[in-house]
There are 2 protein chains.
Amino acid sequence: MNASTILVVDDEPQIRRVMRTTLTGKGYEVHDARSGEEALERLRERHLDLILLDINMPGMGGLAACREIRTVSDAAIIMLTVRDAEEDKIAALDAGADDYVTKPFSMPELLARIRAALRRVPTDLRETVIAGDIEIHAAERRVIVRGQAVRLTPKEFDLLLYLAGTPNVPIPHARLLQAVWGPDYGDQVEYLRTFINQLRKKLEADPAHPRHILTEPWVGYRFQTGFGQ
Amino acid sequence: MNASTILVVDDEPQIRRVMRTTLTGKGYEVHDARSGEEALERLRERHLDLILLDINMPGMGGLAACREIRTVSDAAIIMLTVRDAEEDKIAALDAGADDYVTKPFSMPELLARIRAALRRVPTDLRETVIAGDIEIHAAERRVIVRGQAVRLTPKEFDLLLYLAGTPNVPIPHARLLQAVWGPDYGDQVEYLRTFINQLRKKLEADPAHPRHILTEPWVGYRFQTGFGQ
DNA sequence: GTCGATCTTTACGAATTCCTTAGGTCCACC
DNA sequence: GGTGGACCTAAGGAATTCGTAAAGATCGAC
């Protein structure tokens, strides 16, 4: 099993140092960034499992950074809020964070929250996703629709798998593109349109009125498992 | 092919009865148990392919039962969890379950997951793999096709054995190359092409339309045991 | 040294997938 | 009504991968 990768984003060098030594000691692979901008750069370079994000930073704040990160990554995000200002916590969760910790925090608590967040990352480590009349078998790379096996090309399958990995939640264009095509394709929305179109033709009973592969205008696409809109 | 054996473990008699009638109707051989303790007894008595295990039971809970079962059996385990209890699902997989279904569940979904889980039963490399008209005797390094022994070269046999070791699942080029040729041959895809071609000529009835050694475009190759595309 | 079996390269047409383009639909807004 | 943006759909060409055969290279047995 590979070590989980954690990105520490904070403008104070001291905090970064403490985090790095502690987390490295616990067996995590640690990277760091001094600002939200730098964090986004790191994300383009490598995959990260979890991001520790200070809410108070010069330049783009922690909340803005969080929102930006969420459009391109599904890494778990834990925000560090300074005081127990209730509005900070709510804002953090609204911006797409998974959890928050108030500074000053105890290391054991932070470590516990990191463990909990990392366990949540593989939203679906389940082999098979079943949505109405569609079955997706991840390991076998097979899709069965209304009892019939359907041939999907690799890109089609990867896209479907990523969409279905977090069902019933809209996933932004940029995140889909990065997950399937790679970090340099964040704005090629036309690719998405073509492949979504292809998927609908192959999977939906009525491609013009899809019930599973839904578009979320201005945001992205969503894979719906249940029925009832 | 014998019917697969399924053990239903639930303390509610009604659930056991519904499961028994439905699964028996689908051609499975059904046994049941009212508790984790009883399930372990059944396991000592006979071989079981799959276990449906309620997570909420008096006595030793479903999770503890799952862990116990895992120490003595490699049967597939599907746990029945309560909807929306996210930690139950993670705990179930952690305890060694292969999959879970949330109550109340739809029968079609449960049946689909049972089929998928049964397809994944691990193939023991030390024993004989039989796929349609191909028999692979690992220990003797012998292959029999339609009753005729077939001569394979060492590399051909290693490749076939590795492919057949995890049947029905596409195995990436790089993994095959590393497994058969060694760690430094990760990108010599041409080797694969020639040897797969060779294997097909020796094993397939119609090498141009293979039924067992299938290619997964852009990904790798897959050894298919069942039929049905 | 020769032979035979196996493994490594090479080459090229065929098949498939991916990218690109272009026209059309829908909807909010002026 | 008209306009613009986002989205849908279809189709063709470019690029990549796959299948196949056949020619070197390697190695051990004799």
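Scope of the values below: all heavy atoms of this structure, side chains included, with no hydrogens, waters or symmetry mates. Chain A is the first sequence line, chain B the second, and so forth, proteins listed ahead of strands; every chain is numbered from 1. Bear in mind that the values here come from a model prediction, so they are computed numbers and not experimental data.
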Original post:
Would the Phe157(A) and Trp218(B) ring centres measure less than 6.0 Å apart?
Top reply: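 Here the rings of Trp218(B) and Phe157(A) have centres that are no less than 6.0 Å from each other.
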
Send over the distance from [X] [atom1] to [N] [atom2], rounded to a whole Å.
| X | N | atom1 | atom2 | value |
| --- | --- | --- | --- | --- |
| Ile213(A) | dT9(D) | CD1 | C1' | 15 Å |
| Gln188(B) | dA25(D) | CD | P | 17 Å |
| Tyr191(B) | dG24(D) | OH | C1' | 13 Å |
| Lys155(A) | dA15(D) | NZ | P | 15 Å |
| Leu214(A) | dC8(D) | CG | P | 10 Å |
| Glu190(A) | dA11(D) | CD | C1' | 17 Å |

Has [X] got a side-chain atom pairing as donor or acceptor with [Y]'s backbone, closer than 3.5 angstrom?
| X | Y | answer |
| --- | --- | --- |
| Asp133(B) | Val145(B) | no |
| Thr22(B) | Val18(B) | yes |
| Arg200(B) | Ile213(B) | yes |
| Arg113(B) | Thr128(A) | yes |

Subject >> chain B contact limits on DNA chain C, taken 5' to 3' with a cut-off of 4.0 angstrom to heavy atoms >> reply: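 Extent of the interface on DNA chain C: dT6(C) to dT17(C).
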
**OP:** Output, in order, the C-alpha distance, side-chain angles, deciding distance and verdict of salt bridge (Lys or Arg N to Asp or Glu O under 4.0 Å) for Glu135(A) and Arg115(B).
**Re:** CA-CA 11 Å; Glu135(A) 281 177 42; Arg115(B) 280 195 304 273; 3.5 Å; yes

**OP:** Have a look at the helix from dG1(C)-dC30(D) to dC30(C)-dG1(D) and give the angle its two end axes make, five pairs each, rounded to 10 degrees.
**Re:** 20°

Original post:
Yes or no on salt bridge (Lys or Arg N to Asp or Glu O under 4.0 Å) for Asp54(A) and Lys103(A), after CA distance, side-chain angles and deciding distance?
Top reply: CA-CA 9 Å; Asp54(A) 191 13; Lys103(A) 287 204 282 190; 3.6 Å; yes

**OP:** Take Val219(B) and Gly220(A), find for each the nucleotide of DNA chain D with the closest heavy atom, and name the residue whose nucleotide sits nearer the 5' end.
**Re:** Gly220(A)

Original post:
Does atom NZ of Lys26(A) have more than 12 heavy-atom neighbours, drawn from other residues, nucleotides or ligands, at distances under 6.0 Å?
Top reply: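 Not buried by this count: 12 neighbours or fewer within 6.0 Å.
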
**OP:** Decide if atom CD of Gln148(B) counts as having more than 12 heavy atoms of other residues, nucleotides or ligands within a radius under 6.0 Å.
**Re:**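 No, not enclosed.
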
Original post:
Reckon Tyr221(A) touches a base, only the sugar-phosphate, or nothing at all at heavy-atom distances under 4.0 Å?
Top reply: sugar-phosphate

**OP:** Answer with base, sugar-phosphate or nothing: what part of the nucleic acid does Glu156(A) contact at a heavy-atom distance below 4.0 Å?
**Re:** nothing

Subject >> Check against salt bridge (Lys or Arg N to Asp or Glu O under 4.0 Å), Arg193(A) and Glu190(A) >> reply: CA-CA 5 Å; Arg193(A) 298 223 176 87; Glu190(A) 316 86 47; 5.6 Å; no

Subject >> Parallel, tilted or perpendicular: ring planes of Tyr191(A) versus Tyr185(A), cut at 30 and 60 degrees >> reply: tilted

Original post:
Considering only heavy atoms, which members of residues 192-203 of chain B lie under 4.0 Å from some atom of DNA chain C?
Top reply: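 Close to the strand are Thr194(B), Phe195(B).
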
**OP:** Would you indicate, yes or no, if dC18(D) has its OP1 or OP2 atom less than 4.0 angstrom from a side-chain nitrogen or oxygen of His173(B)?
**Re:**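 His173(B) to dC18(D) OP1/OP2: side-chain N or O found under 4.0 Å.
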
